[in-house]
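What follows is a single structure, written as structure tokens, with notes after it.
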Amino acid sequence: MILKLKEPLNLDFTLNSGQVFNWKKNNDFWEGFVNGKKTKLKKKGANLFFKGASKSEILSFFKLDESLDEIYQSILSKSGDLLLESLFKKYRGLRILRQEPWECLISFIISQNSSIKTIRKRIETLYSLNDGFPSAETLSKLSESDFRKMGFGYRSKYVKETSEIVASGFDLRKIKGRKFDSALEELKSLPGVGDKVGKCVMLFSLDFNEAFPVDVHIENVMKKFYHRERNIQEFAVKRFGAYAGYAQQYLFFSDVF
DNA sequence: CATAGACCTGTGGTA
DNA sequence: TGGGGCAGGTCTATA
């Protein structure tokens with residue numbers, strides 16, 4: 001199947017920018033999961049060749065309903081930020097994804113204090129449990145020591161408990177409609193979810209484009225270029241506006257890659 | 001409110 | 001080659 005792209009999309013930047021950990025590049029095509037479906041992608045000019053997920057699922061996954069250039073403009077006209085202006089040019093087509101919230105939540109819980117390689121391995125292990133990413137029901141039936149055997153370390157308890165809470169009715173999607181602070185608070189009530197993981201889930205799966213997750217890399221960038229160390233979320237929204245999360249992703253990408 | 005320590009363990013740089 | 005330190009943090013206890 002072919003999809004004609006009307007929006008800038010760089011698969012290499014997007015799928016390798018630390019927002020998703022289950023995509024691999026083989027030769028010239030990307031292989032991963034969209035909405036639980038194994039999917040292959042290859043881009044040639046404005047053509048996106050795809051297999052697996054449906055067209056609408058792919059449009060949603062890459063948020064192709066949002067105009068990237070308008071987002072750039074919105075951020076730049078509000079902030080006049082020269083660093084971001086150069087990053088938007090350099091990494092044009094790096095998009096924020098709209099992932100499946102449950103998978104996104106568990107991925108970032110087990111990502112804490114770990115290297116990218118280790119994170120990938122853990123997620124691969126979860127996928128190997130059954131066909132596709134295991135549901136909350138499935139994971140809630142495993143024990144903490146099962147997760148420890150998978151190499152999750154002290155995060156095992158978080159995964160076990162959060163799975164139980166979600167399996168027994170905690171609805172991630174209902175958080176989508178809430179106000180920012182309330183949504184974050186709700187997510188942080190889950191074991192293993194703090195400020196950073198909560199905002200990652202909000203930004204990468206729940207359409208909170210103003211979420212500005214702060215990790216050690218962003219902390220460095222904020223110190224170096226903005227002379228800021230605290231109240232970074234507040235600062236980011238004031239400076240970059242409603243799409244602050246996009247600014248975060250480009251700043252993160254430039255620091256790590 | 002803010003800050004320090006503990007927490008698992010795979011991995012990569014050589015402190 | 002081996003082993004101390006780090007890795008996209010969170011939680012808890014403490015002034």
Side-chain angles (χ1 to χ4, degrees), chain A residues 12-23 32 87 91 94-97 99 101 103-128 139 142-166 170 181 183-206 208-209 211-226 228-236 244-257:
Chain A
D12 292 343
F13 293 157
T14 302
L15 297 173
N16 200 20
S17 60
Q19 53 178 322
V20 68
F21 305 99
N22 61 348
W23 283 82
L87 294 180
Y91 301 125
L94 166 57
R95 306 189 71 95
I96 300 276
L97 298 171
Q99 301 179 51
E103 176 173 355
C104 187
L105 172 64
I106 292 300
S107 298
F108 279 96
I109 286 178
I110 60 182
S111 80
Q112 59 191 66
N113 220 8
S114 306
S115 68
I116 301 260
K117 179 165 186 173
T118 302
I119 300 166
R120 286 181 173 280
K121 200 173 232 178
R122 288 183 189 145
I123 292 174
E124 214 165 283
T125 305
L126 287 176
Y127 267 97
S128 73
L139 292 187
L142 299 180
S143 67
E144 183 182 332
S145 81
D146 288 332
F147 293 120
R148 282 185 182 264
K149 281 171 201 154
M150 296 179 204
F152 291 8
Y154 65 86
R155 304 157 199 81
S156 301
K157 191 176 173 177
Y158 301 155
V159 173
K160 168 71 176 164
E161 291 178 354
T162 289
S163 297
E164 282 173 343
I165 293 170
V166 172
F170 185 103
D181 290 336
L184 182 57
E185 201 178 326
E186 186 89 354
L187 284 168
K188 282 168 78 170
S189 74
L190 297 167
V193 180
D195 214 66
K196 190 314 190 141
V197 170
K199 284 174 189 168
C200 283
V201 174
M202 289 168 74
L203 178 61
F204 301 136
S205 76
L206 296 173
F208 285 87
N209 286 327
F212 199 90
V214 177
D215 61 32
V216 53
H217 298 287
I218 288 296
E219 220 164 67
N220 290 339
V221 170
M222 294 311 281
K223 262 187 228 168
K224 192 167 163 190
F225 296 108
Y226 300 93
R228 261 282 160 156
E229 298 188 42
R230 45 183 70 187
N231 291 60
I232 292 177
Q233 174 72 51
E234 195 187 340
F235 169 78
Y246 278 81
Q248 186 273 355
Q249 196 59 18
Y250 282 76
L251 292 169
F252 173 80
F253 194 71
S254 71
D255 191 63
V256 175
F257 301 97

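In what follows, every heavy atom counts, from backbone to side chain, and hydrogens, waters and symmetry copies are set aside. Letters A, B, ... mirror the listed sequences (proteins, then strands); counts begin at 1.
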Ignoring hydrogens and angles, state whether a donor on the side chain of [X] or [Y] is under 3.5 Å from an acceptor on the partner side chain.
X: A:Thr118; Y: A:Ser115; value: yes
X: A:Tyr127; Y: A:Glu103; value: yes
X: A:Arg122; Y: A:Ser114; value: yes

Rounded to the nearest angstrom, tell me the gap between atom [atom1] in [X] and atom [atom2] in [N].
X: A:Lys196; N: C:dT10; atom1: NZ; atom2: P; value: 7 Å
X: A:Met202; N: C:dG8; atom1: CE; atom2: P; value: 23 Å
X: A:Ile110; N: B:dG10; atom1: CD1; atom2: C1'; value: 14 Å
X: A:Arg120; N: B:dT9; atom1: CZ; atom2: C1'; value: 19 Å
X: A:Lys160; N: C:dC11; atom1: NZ; atom2: C1'; value: 20 Å
X: A:Gln249; N: C:dG8; atom1: CD; atom2: C1'; value: 10 Å
X: A:Phe21; N: C:dA7; atom1: CZ; atom2: P; value: 15 Å
X: A:Asn220; N: C:dG9; atom1: CG; atom2: P; value: 11 Å

Quiz prompt | Residue matched to B:dA6 through Watson-Crick or wobble contacts both under 3.5 angstrom | solution =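 Because both required distances fall under 3.5 Å, B:dA6 counts as paired with C:dT10.
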How is [X] classified with respect to the nucleic acid when contacts are heavy atoms under 4.0 Å: base, sugar-phosphate, or nothing?
X: A:Gly153; value: base
X: A:Val193; value: sugar-phosphate
X: A:Ser17; value: base
X: A:Val214; value: nothing
X: A:Leu190; value: sugar-phosphate
X: A:Gly192; value: sugar-phosphate
X: A:Glu219; value: nothing
X: A:Pro191; value: sugar-phosphate
X: A:Glu144; value: nothing

Quick check for you: among [options], whose closest atom lies nearest to any side-chain atom of [X]?
X: A:Arg230; options: C:dG8, C:dT10, B:dA2; answer: B:dA2
X: A:Lys117; options: C:dG8, B:dA2, B:dT11; answer: B:dT11
X: A:Asp215; options: C:dG8, B:dT3, C:dC11; answer: C:dG8
X: A:Tyr158; options: B:dC8, C:dC11, C:dG8; answer: C:dC11

Quiz prompt | Pairwise 5' ranking along DNA chain B for A:Asn113 and A:Lys121, keeping only the more 5' one | solution =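 Of the two residues, A:Asn113 wins.
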Exercise. Assign the ring pair A:Tyr91 / A:Tyr250 to parallel, tilted or perpendicular, where the plane angle (0 to 90°) is split at 30° and 60°.
Key: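 Ring orientation, 0 to 90° scale: tilted.
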[atom1] atoms of [N] and [M], separation to the nearest Å:
N: C:dT12; M: B:dC1; atom1: C1'; result: 15 Å
N: B:dT14; M: C:dG8; atom1: P; result: 16 Å
N: C:dC6; M: B:dA4; atom1: P; result: 16 Å
N: B:dA6; M: C:dG5; atom1: C1'; result: 16 Å
N: B:dT11; M: C:dG2; atom1: C1'; result: 13 Å

Exercise. Taking only Lys NZ, Arg NE, NH1 and NH2, and the carboxylate oxygens of Asp or Glu, determine whether A:Glu124 and A:Arg120 approach each other closer than 4.0 Å.
Key: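 The answer is no: the pair does not qualify as a salt bridge.
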Practice problem: Please check if the side chain of A:Gln19 supplies one atom and the backbone of A:Arg95 the other of a donor-acceptor pair under 3.5 Å. | Solution: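 Checking the backbone N and O of A:Arg95 against the side chain of A:Gln19, a donor-acceptor pair under 3.5 Å is found.
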Quiz item: Would you say the side chain of A:Arg155 and the base of B:dC8 hold a donor-acceptor pair, judged only by whether the two atoms sit under 3.5 Å apart?
Solution: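 Side chain to base: pair present.
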Quiz item: Are the aromatic ring centres of A:Phe108 and A:Phe204 under 6.0 angstrom apart?
Solution: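 Centroid distance A:Phe108-A:Phe204: below 6.0 Å, so yes.
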Quiz item: Is any side-chain nitrogen or oxygen of A:Lys188 closer than 4.0 Å to OP1 or OP2 of C:dT10?
Solution: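 Negative; the distance criterion is not met.
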Exercise. Output yes when at least one side-chain N/O atom of A:Arg148 is less than 4.0 Å from OP1 or OP2 of B:dC8, else no.
Key: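 Affirmative; the distance criterion is met.
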Quiz item: Going by 5.5 Å between centroids and 30° between planes, is there a stack of A:Phe108 over C:dG8?
Solution: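 Not stacked by the 5.5 Å and 30° rule.
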